[in-house]
Amino acid sequence: MSVPTPPVVYSFSDTSKLSDSLAEYILKAQRESIDKRGRFTVAISGGSLPKTLTALISKSGVKWDKWHVFYVDERVVPLDHEDSNHKLAQEALYSKVPIPPGNIHTIDETLLDDLEELSDAYEKELIREFAQKDSARFPVFDLILLGIGPDGHTASLFPGHELLLEHDRWVAPIEDSPKPPPRRVTFTYPVINHATRVAFVATGEGKAQILPNILDTPELGLPAARVRPVAHGQLVWFVDDAASAEVKLQKSEFKL
Ligand SMILES: O=C(O)[C@H](O)[C@@H](O)[C@H](O)[C@H](O)COP(=O)(O)O
């Protein structure tokens, strides 16, 4: 089995520098995607990630009308609930930029009582957006933005959970998430690993212990370490010095 090439790790002394560089990286991805396909498809995680996107608000050159945003994972709660990743992103970003509401692809909150049905409906949303466009076996996102938990989870793919092995569905339900709330839907690895670009964002000393287990010893097989974009997919990490203090893997100077 070929050893995957190690990811590029950009480390920053503080989160404002990280956020600004992440915005530049996203802008570059946007330009290339729109040049090639006339749109920019991106999937975002919840947690602290939406806040790291706020540097985009003041950037010129963001073509918000060409963005199509999905959620890598979402909590199965009303879209205005404090646990909703959509609410988080709405408050941190969408409410401050001219992204067309129809380009933000949320879960169907009329299906909150039926987790399987809601998960299937979100997968059908992906099929609508991608299948006819890419006619590929899997959707090819231009960019997927991921976080990591202190246990090495990413999206809602948790250590030891059978969802790690899910390869048929693009979106899957989980009703026993170790990270509350328990009911969620999540992209599966085939979707994440078929993205053209995947960028992890990890900040704060709370990630200092887990990060070496993902970047220096990926063979441990933690969920975040199983993100390996296929074909020409690019994998980069945006970390701050606090999160990467114990990481041995060489860190790179950010450059586009
Ligand atoms: O919905 C979620 O909970 C997220 O998608 C989850 O995967 C998150 O990215 C990690 O738990 C890191 O969260 P923090 O960045 O807040 O530490």
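Throughout, residue positions are numbered sequentially from 1 according to the sequence presented. In listed order, ligands and their atoms are each counted from 1.
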Requested in this report: Consider every N or O of Leu49 and every N or O of ligand 1, then say whether any pair is closer than 3.5 Å.
Outcome: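 So ligand 1 has no N or O lying under 3.5 Å from an N or O of Leu49.
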Does the distance from a Lys or Arg side-chain N to an Asp or Glu carboxylate O, for [X] and [Y], drop under 4.0 Å?
| X | Y | value |
| --- | --- | --- |
| Lys28 | Glu24 | no |
| Lys17 | Asp14 | yes |
| Asp142 | Lys36 | no |

Query raised in the report: What heavy-atom pair brings Ala172 and Leu163 nearest, and what distance separates the two atoms?
Result: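 Heavy atoms only, the tightest pair is CB-CD2, 3.4 Å.
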Report task. Can you see which heavy atom on Trp64 is nearest to which on Asn103, and at what distance? Result -> O-ND2, 4.3 Å
Can you sort out which atoms of ligand 1 are near [X], meaning under 4.0 Å from one of its heavy atoms?
| X | answer |
| --- | --- |
| Arg184 | 1 (O), 2 (C), 3 (O) |
| Ala155 | 6 (C), 7 (O) |
| Lys179 | 2 (C), 3 (O), 6 (C), 8 (C), 10 (C), 11 (O), 13 (O) |
| Gly147 | 9 (O) |
| Lys207 | 14 (P), 15 (O), 17 (O) |
| His153 | 6 (C), 7 (O), 10 (C), 11 (O) |

**Report entry** Ring center gap for Phe130 and Phe138 short of 6.0 angstrom
**Finding:** no
Report task. Give the residue, atom name and distance (to 0.1 Å) of the protein heavy atom nearest atom 4 (C) of ligand 1. Result ->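 Of every protein heavy atom, Asp73 OD2, 3.5 Å lies nearest to atom 4 (C) of ligand 1.
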Query raised in the report: Which residue and non-hydrogen atom of the protein lie closest to atom 16 (O) of ligand 1, and at what distance in Å?
Result: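 Of the protein heavy atoms, Ser48 N, 2.9 Å lies nearest.
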Query - Test: Arg169 cationic atom under 6.0 Å from Tyr122 six-membered ring centre, within 45° of axis - result: no
**Report entry** Of the listed options Arg75, Glu74, Lys51, closest to atom 3 (O) of ligand 1 (non-hydrogen atoms)
**Finding:** Arg75
Report task. Specify side chain, backbone, both or neither for Ile148, according to which of its non-hydrogen atoms lie closer than 4.0 Å to ligand 1. Result ->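 Backbone only.
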Query raised in the report: Do Thr203 and Thr15 have a side chain donor and acceptor closer than 3.5 Å?
Result: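 Absent: no donor and acceptor within the cut-off.
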